[in-house]
Amino acid sequence: MTRRLTGFQPTGHLHLGNLIGAMRPLVAAQATPSIAMIADLHALTMEHDPRQLRANTLQVATVLIAAGVDPQRTAIIANSQVPEHSELHYLLECATGYGEAARMIQFKEKSAASKTVRLSLLTYPVLMAADILVHDCDQVPVGDDQSQHLELTRTIATRFNARYGQTFTVPEGIRPVNTARIMDLADPSRKMSKSTPSAAGRIGLLDPPEVIRRTIARAVTDTVGVVRVDPERQPGVSNLLAILRACADREPGPFTSYGVLKREATDAVESVLGPIRARYAELSEDPGHVRKILAEGKAWVQPRAAETVRRTRAALGLLD
Ligand code: ATP
Ligand code: MG
């Protein structure tokens with residue numbers, strides 16, 4: 001039996017890249033048992049504002065549902081609300097080397113970029129390993145940014161099994177097929193991200209139509225003057241084409257100018273985001289409903305998670 005886990009950090013507003021790269025594949029694969037996890041514990045690894053975090057966590061849960069994640073088929077959880085994640089995190093820290101964590105690229109980059117570094121930033125990938133292993137997940141959709149962390153998860157699980165006896169399912173990283181990596185519209189050399197300070201290149205899933213229109217109108221292009229896929233020489237135009245292809249329900253073009261490309265992209269994005277925005281507005285009228293879905297998700301996954309922790313404790317020699 002296959003089980004998948006897809007994580008979303010509540011570090012800001014979900015964007016078009018999250019939708020195309022992660023949420024849609026999750027919705028498309030709902031016949032496979034899946035967990036959609038809001039990684040609110042991971043959001044504590046960097047400077048954060050408690051009120052903002054609470055709001056973001058609820059917003060991510062609401063947007064996931066608005067975008068078609070069906071809580072009857074996919075458990076939607078926050079990792080902080082299932083304490084087995086934290087317990088397994090500590091146990092796995094006792095099976096991970098300092099050097100293994102310290103050489104993670106994300107840790108190096110994020111710690112170099114900030115004045116103070118939380119210890120949890122170093123152990124972030126161990127928490128991610130716990131998120132995956134606690135639910136016995138065998139498939140984890142990962143983009144390039146998380147592939148090193150998934151490799152560490154596999155190393156920890158394999159070593160633990162060899163040293164203390166078979167305890168964990170060793171997960172496989174899977175790459176969602178046909179999903180584009182969406183780039184920042186203002187700087188198409190880097191991916192669209194929740195956490196980049198400037199919103200100029202980001203299309204938020206809840207942005208009003210006027211904001212979407214303006215963001216796309218200002219998207220960086222080039223002086224080549226031809227609409228074609230050439231990520232090397234025309235990253236901005238290629239990105240707009242990828243967005244258009246992912247959002248349009250018919251073959252796009254012909255394009256007589258970049259202006260036509262941008263107008264078509266704007267219409268296509270609006271046709272996808274309009275219904276999500278409307279459903280989000282409905283769901284937001286009853287925040288209790290979303291809270292209840294998170295509680296149900298927790299109740300659904302907890303028995304298996306508790307069993308994994310029990311197995312791990314026993315393997316390590318802790319009393320039951
Ligand atoms: P942060 O900047 O806080 O890391 P993020 O935008 O990278 O935020 P995550 O919460 O880290 O978003 O990732 C959620 C999911 O969305 C992951 O599966 C990730 O691979 C996918 N994803 C993130 N950015 C993009 C993008 N630009 N294009 C396609 N998929 C993306
Ligand atoms: Mg990310």
Side-chain angles (χ1 to χ4, degrees), residues 4-29 34-49 52-53 56-57 59-61 63-64 67 69 74 76-79 104-107 109-110 113-114 120-121 124-125 127-128 131-132 137 139-150 153 171 173-207 215 219 231 235-236 238-243 245-247 269 272:
R4 283 193 193 156
L5 180 107
T6 304
F8 300 87
Q9 292 198 72
T11 38
H13 302 299
L14 291 171
H15 53 76
L16 195 62
N18 298 133
L19 180 74
I20 294 170
M23 293 160 72
R24 277 188 166 176
L26 179 66
V27 171
S34 297
I35 298 171
M37 182 192 75
I38 304 163
D40 56 347
L41 287 177
H42 284 87
L44 300 180
T45 59
M46 300 289 283
E47 187 56 43
H48 81 288
D49 172 59
Q52 195 62 50
L53 175 62
N56 284 346
T57 302
Q59 187 182 75
V60 172
V63 171
L64 287 172
V69 177
T74 300
I76 304 177
I77 61 168
N79 65 353
M104 292 291 114
I105 296 163
Q106 180 181 286
F107 172 70
E109 286 178 355
K110 287 195 174 174
S114 54
S120 54
L121 186 65
Y124 173 115
L127 175 58
M128 177 170 150
D131 294 334
I132 297 165
C137 290
Q139 291 191 344
V140 185
V142 274
D144 304 332
D145 51 333
Q146 292 300 327
S147 58
Q148 197 188 27
H149 291 165
L150 185 73
T153 301
I174 56 164
R175 204 160 278 272
V177 278
N178 293 333
T179 58
R181 187 166 190 70
I182 303 303
M183 309 309 278
D184 188 287
L185 293 173
D187 175 4
S189 67
R190 61 163 196 232
K191 79 168 192 75
M192 193 178 282
S193 262
K194 269 188 260 105
S195 55
T196 35
S198 160
R202 183 161 57 221
I203 298 177
L205 296 183
L206 301 174
D207 282 355
T215 307
S238 303
N239 189 38
L240 284 168
L241 265 176
I243 290 173
R245 287 234 156 79
C247 295
V269 168
V272 169

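In each ligand, atom 1 is the first atom listed, and ligand 1 is the first ligand listed.
For Arg202 and Thr196, the side-chain atoms include at least one donor-acceptor pair closer than 3.5 Å.
With sequence neighbours excluded, no residue forms a ring pair (Phe, Tyr, Trp, His ring centres under 6.0 Å) with Phe8.
Counting heavy atoms from C-beta on, the side chains of Arg24 and Val272 come closer than 4.5 Å. Annotation: side chain of Pro171 is in contact with side chain of Thr153 (closest heavy-atom distance under 4.5 Å).
Nearest to atom 29 (C) of ligand 1 among the protein's heavy atoms is Gly17 O, 3.2 Å. Among all protein heavy atoms, the one lying closest to atom 8 (O) of ligand 1 is Lys194 NZ, 3.0 Å. Counting only heavy atoms of the protein, atom 18 (O) of ligand 1 lies nearest to Ala22 CB, 3.4 Å. Here the protein heavy atom with the shortest distance to atom 7 (O) of ligand 1 is Lys191 NZ, 2.6 Å.
Each of the atoms 6 (O), 12 (O), 13 (O), 14 (C), 15 (C), 16 (O), 22 (N), 23 (C), 24 (N) of ligand 1 lies under 4.0 Å from some heavy atom of Asn18. Close contacts between ligand 1 and Gly7 involve ligand atoms 14 (C), 15 (C) [criterion: under 4.0 Å to a heavy atom]. Near Thr11, the atoms of ligand 1 lying under 4.0 angstrom from a non-hydrogen atom of the residue are 3 (O). Listed by number with element, the atoms of ligand 1 under 4.0 Å from a non-hydrogen atom of Met192 are 24 (N), 26 (C), 27 (N). Here is the list of ligand 1 atoms found below 4.0 Å of a heavy atom in Ser195: 1 (P), 2 (O), 3 (O).
Considering each of Leu19, Val60, Ile182, Ile38, the one bringing a non-hydrogen atom nearest atom 27 (N) of ligand 1 is Ile182. Residue nearest to atom 6 (O) of ligand 1, selected from His15, His13, Gln106: His15 (by heavy-atom distance). Scanning Arg181, Arg175, Gln9, Met23 for the heavy atom closest to atom 11 (O) of ligand 1 points to Gln9.
Checked by distance only, ligand 1 and Phe8 stay at 3.5 Å or farther apart across all their nitrogen or oxygen atoms. On a distance-only criterion, Thr6 and ligand 1 share no N/O pair closer than 3.5 Å.
Atom NE2 of His15 and atom CG of Asp207 lie 11.5 Å apart (nearest 0.5 Å). Put simply, OG1 on Thr6 and CD1 on Ile38 are 12.0 Å apart, with the number rounded to the nearest 0.5 Å. Atom CG in Leu206 sits 8.0 Å away from atom CG in Leu14 (nearest 0.5 Å).
Judged by the shortest distance from any of its heavy atoms, Gly12 lies outside the 4.0 Å radius around the atoms of ligand 1. Using a non-hydrogen distance threshold of 4.0 Å, Ile20 does not register as a contact of ligand 1.
No donor-acceptor pair closer than 3.5 Å links the side chain of Arg181 to the backbone N or O of Lys191. Listed for the Asp40 side chain is no donor-acceptor partner under 3.5 Å among the backbone atoms of Thr57.
When distances from atom 31 (C) of ligand 1 to the protein are checked, a heavy atom turns up under 4.0 Å.
Partner Leu19 forms a side-chain contact (heavy atoms from CB on, under 4.5 Å) with one of Val27, Ile182, Leu205 and no other, that one being Leu205.
In this structure, His13 places its NE2 atom where only 12 or fewer heavy-atom neighbours from other residues, nucleotides or ligands lie under 6.0 Å away.
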